[in-house]
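To start, the structure itself, in structure tokens.
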2 protein chains.
Amino acid sequence: MRKHKDLLAVLRHNRQRVTPARRFLLQLFIDNHSRSLSLPEIQAHLQDRLPGINRSSIYRNLEMLKALSIIQELRVVRKGRRYQFVFERPVHHFIICKACGKVSKGKRGFFEQVERSLQDIHDFKKANLSVTFYGFCSRCRVG
Amino acid sequence: MRKHKDLLAVLRHNRQRVTPARRFLLQLFIDNHSRSLSLPEIQAHLQDRLPGINRSSIYRNLEMLKALSIIQELRVVRKGRRYQFVFERPVHHFIICKACGKVSKGKRGFFEQVERSLQDIHDFKKANLSVTFYGFCSRCRVG
DNA sequence: CATATTAATGCATCATGTTGCAAATAGTTA
DNA sequence: TAACTATTTGCAACATGATGCATTAATATG
């Protein structure tokens, strides 16, 4: 698990300025590295610490963190977007149930198999690959 | 390739009424079964034939066609949503380049491998599984 | 074919996400 | 540490998407 300071260095290294909003955002993601956060959660957290912070700043900062692969965006059916801290983790993929919205982390072996197939059959780049699977988990399947 | 009439029967079988908007939508997807359509394209097409049709009707009908697995929604980075006719096709998955937005259809062998891994390792239901991969295609990869 | 029943539509409104631009601020340099 | 410059922010406006409800239209029934 990376610390706040390390992530600030990542920002600087990518010529991104360290602003109060960004500090709070990073700390929030670090403190919740084991789960994904909803947009309302993120907004509430920032509003608390920076009253009056603008919606567009939040969106733009989330975009930036996504671009630096510090967080990943997940789309959960009927539950909007969620954001997960993924910085320097080997496995960045998720499996999301279309029925109940349950988000599971992919297991390493599965990821490796998919990666291999994707590379062999479709010539898709391994690095920076992020994959999310939508299907029906065992509890929600009907038949 | 299914015909218009067959799809109307699918709607009726699912207790969905056949309205002018739905007829035009289905015909549009049939006529363009080999490619995905953008929302502006769909809207323009319907506006032409049903002047004054409401945005929300279009969204609701697209939702319905998705729910019946007649079409599938694809999210292309910086290019919005696209809709692809997928009714009764064995392979409903796509591979999308995050850099150029290129959408390719997944090859059968790849799909089968992923499906197997997903079933074995994650106990995810095979039927109704729809998967979209986002990564970098060979033309866009940097390193 | 007239009427009843139920679902789809249009409309209004709200929620969410995007963008151009002027003002504010972080990082840089003297 | 004051001034410079480049990026980020807030703001306003707009685009897109979702929703409750009255009206309209598709289907079922007599």
Side-chain angles (χ1 to χ4, degrees), chain A residues 4-5 7-26 36-68 70-83 101, chain B residues 4-5 7-26 36-68 70-83 101:
Chain A
H4 196 159
K5 247 176 51 180
L7 288 172
L8 298 186
V10 173
L11 292 202
R12 291 203 182 89
H13 183 255
N14 286 277
R15 287 163 219 79
Q16 299 296 320
R17 292 184 176 178
V18 174
T19 65
R22 291 173 176 186
R23 286 178 188 279
F24 288 127
L25 256 184
L26 287 175
S36 63
L37 301 169
S38 68
L39 209 64
E41 267 180 295
I42 295 170
Q43 285 186 324
H45 185 89
L46 288 186
Q47 289 288 352
D48 266 10
R49 285 155 186 78
L50 297 169
I53 185 175
N54 198 275
R55 229 157 15 106
S56 57
S57 298
I58 300 178
Y59 286 124
R60 284 190 274 226
N61 281 325
L62 289 173
E63 275 308 304
M64 187 267 289
L65 296 181
K66 270 165 62 183
L68 298 187
I70 291 174
I71 62 173
Q72 181 171 333
E73 182 183 291
L74 311 174
R75 305 255 184 173
V76 184
V77 185
R78 286 180 304 279
K79 297 194 181 174
R81 308 179 178 192
R82 297 186 70 84
Y83 296 88
Chain B
H4 197 159
K5 247 175 55 181
L7 289 171
L8 298 186
V10 173
L11 293 202
R12 292 204 180 90
H13 183 255
N14 286 278
R15 287 163 221 78
Q16 299 296 320
R17 293 181 177 181
V18 174
T19 66
R22 292 172 176 187
R23 286 177 187 279
F24 287 127
L25 256 185
L26 288 175
S36 64
L37 301 170
S38 69
L39 209 64
E41 267 180 295
I42 295 170
Q43 286 186 324
H45 184 91
L46 287 186
Q47 289 287 353
D48 265 11
R49 285 155 185 79
L50 297 169
I53 185 174
N54 197 274
R55 228 159 16 105
S56 58
S57 297
I58 299 179
Y59 287 123
R60 284 191 275 226
N61 282 324
L62 289 172
E63 276 308 304
M64 187 268 289
L65 296 181
K66 269 166 63 183
L68 297 187
I70 291 174
I71 62 173
Q72 181 171 333
E73 182 182 289
L74 311 174
R75 305 255 184 174
V76 184
V77 186
R78 286 181 305 279
K79 297 195 181 174
R81 308 179 178 192
R82 298 186 68 84
Y83 297 88

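Just so it is clear, the model here is predicted, and its values are computed rather than measured. Proteins get letters first, then strands, A, B, ... in listed order; numbering begins at 1 in each.
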Reported CD1-to-CG distance for the pair A/Ile71 and A/Leu65, which is rounded to 0.5 angstrom = 4.5 Å
ask   = Whole-Å distance between D/dT7 C1' and A/Asn14 CG?
value = 15 Å
note = When rounded to the nearest 0.5 Å, the distance separating CZ of A/Arg81 from OG of A/Ser36 is 14.0 Å
ask   = For the side chain of A/Arg55 and the base of C/dG17, is some donor closer than 3.5 Å to an acceptor across the two?
value = yes
message = Using only atom types and a distance under 3.5 Å, with no angle test, would you say the side chain of A/Arg22 pairs donor to acceptor with the backbone of A/Arg17?
response = yes
message = If I compare all heavy atoms of A/Phe24 with all of A/His45, which pair ends up nearest, and what's the gap?
response = O-NE2, 4.1 Å
Nucleotide C/dT9, atom P - distance to CG of B/Leu46 in whole Å = 10 Å
query = When the distance from CZ of A/Arg23 to P of D/dT8 is rounded to whole Å, what number comes out?
reply = 14 Å
message = Could you work out how much the helix from C/dC1-D/dG30 to C/dA30-D/dT1 bends, comparing the axis of its first five pairs with that of its last five, to 10°?
response = 30°
ask   = Are any of the side-chain nitrogens in B/Arg60 or B/Glu63 under 4.0 Å away from the carboxylate oxygens of its partner?
value = no
request  = Give a yes/no on whether any side-chain N or O of A/Tyr59 is located under 4.0 angstrom from OP1 or OP2 of C/dT18.
outcome  = no
key: Residue met sooner reading DNA chain C from 5', once B/Ser57 and A/Arg81 are mapped to nucleotides   = B/Ser57
ask   = Once you round it to whole Å, what is the distance between P of D/dT27 and NE2 of B/His13?
value = 16 Å
ask   = Rounded to the nearest 0.5 Å, how far apart are CG of B/Leu50 and CZ of B/Arg23?
value = 11.5 Å
message = Nearest 0.5 angstrom please: A/Leu39 CG to A/Leu62 CG, how far?
response = 6.5 Å
query = Over how many whole Å does the gap from B/Ile58 atom CD1 to D/dT16 atom C1' extend?
reply = 12 Å
key: Atom pair CG/CD1 of A/Asn61 and A/Ile53 - distance to nearest 0.5 Å   = 7.0 Å
ask   = Within the side chain of B/Asn54, is there an N or O that forms a donor-acceptor pair under 3.5 Å with the backbone of B/Ser56?
value = yes
query = Rounding to a whole Å, what distance do you find between B/Gln43:CD and C/dT9:C1'?
reply = 16 Å
inquiry  = Please classify the nucleic acid contact of B/Pro20 as base, sugar-phosphate, or nothing, using heavy-atom distances under 4.0 Å.
reply    = sugar-phosphate
Between N or O atoms, less than 3.5 Å apart, protein on one side and nucleotides 19-21 of chain D on the other: list the pairs.
| from | atom 1 | to | atom 2 | distance (Å) |
| --- | --- | --- | --- | --- |
| D/dG20 | O6 | B/Arg60 | NH1 | 3.4 |

Can you pull every protein N or O that's under 3.5 Å from an N or O on nucleotides 6-8 of chain C?
| from | atom 1 | to | atom 2 | distance (Å) |
| --- | --- | --- | --- | --- |
| C/dT6 | O2 | B/Arg17 | NH1 | 2.7 |
| C/dT6 | O2 | B/Arg17 | NH2 | 2.8 |
| C/dA7 | O4' | B/Arg17 | NE | 3.3 |
| C/dA7 | O4' | B/Arg17 | NH1 | 3.3 |
| C/dA7 | O4' | B/Arg17 | NH2 | 3.3 |
| C/dA8 | OP1 | B/Gln16 | OE1 | 2.9 |
| C/dA8 | OP1 | B/Arg22 | NH1 | 3.0 |
| C/dA8 | OP1 | B/Arg22 | NH2 | 3.3 |

inquiry  = Could you report the tightest heavy-atom contact between A/Val10 and A/Asn14, atom names first, then the distance?
reply    = O-ND2, 2.8 Å
key: Rounded distance [0.5 Å steps], CD1 in A/Ile42 versus OH in A/Tyr59   = 10.0 Å
remark   = Closest to the 5' end of DNA chain D, once B/Val18 and B/Leu39 are matched to their nearest nucleotides, is B/Leu39
ask   = Nearest-Å distance, CG (A/Leu50) to C1' (D/dT8)?
value = 13 Å
key: A/Met64 and A/Leu11, any side-chain heavy atoms less than 4.5 Å apart   = yes
ask   = When the distance from CG of A/Leu8 to P of C/dA26 is rounded to whole Å, what number comes out?
value = 14 Å
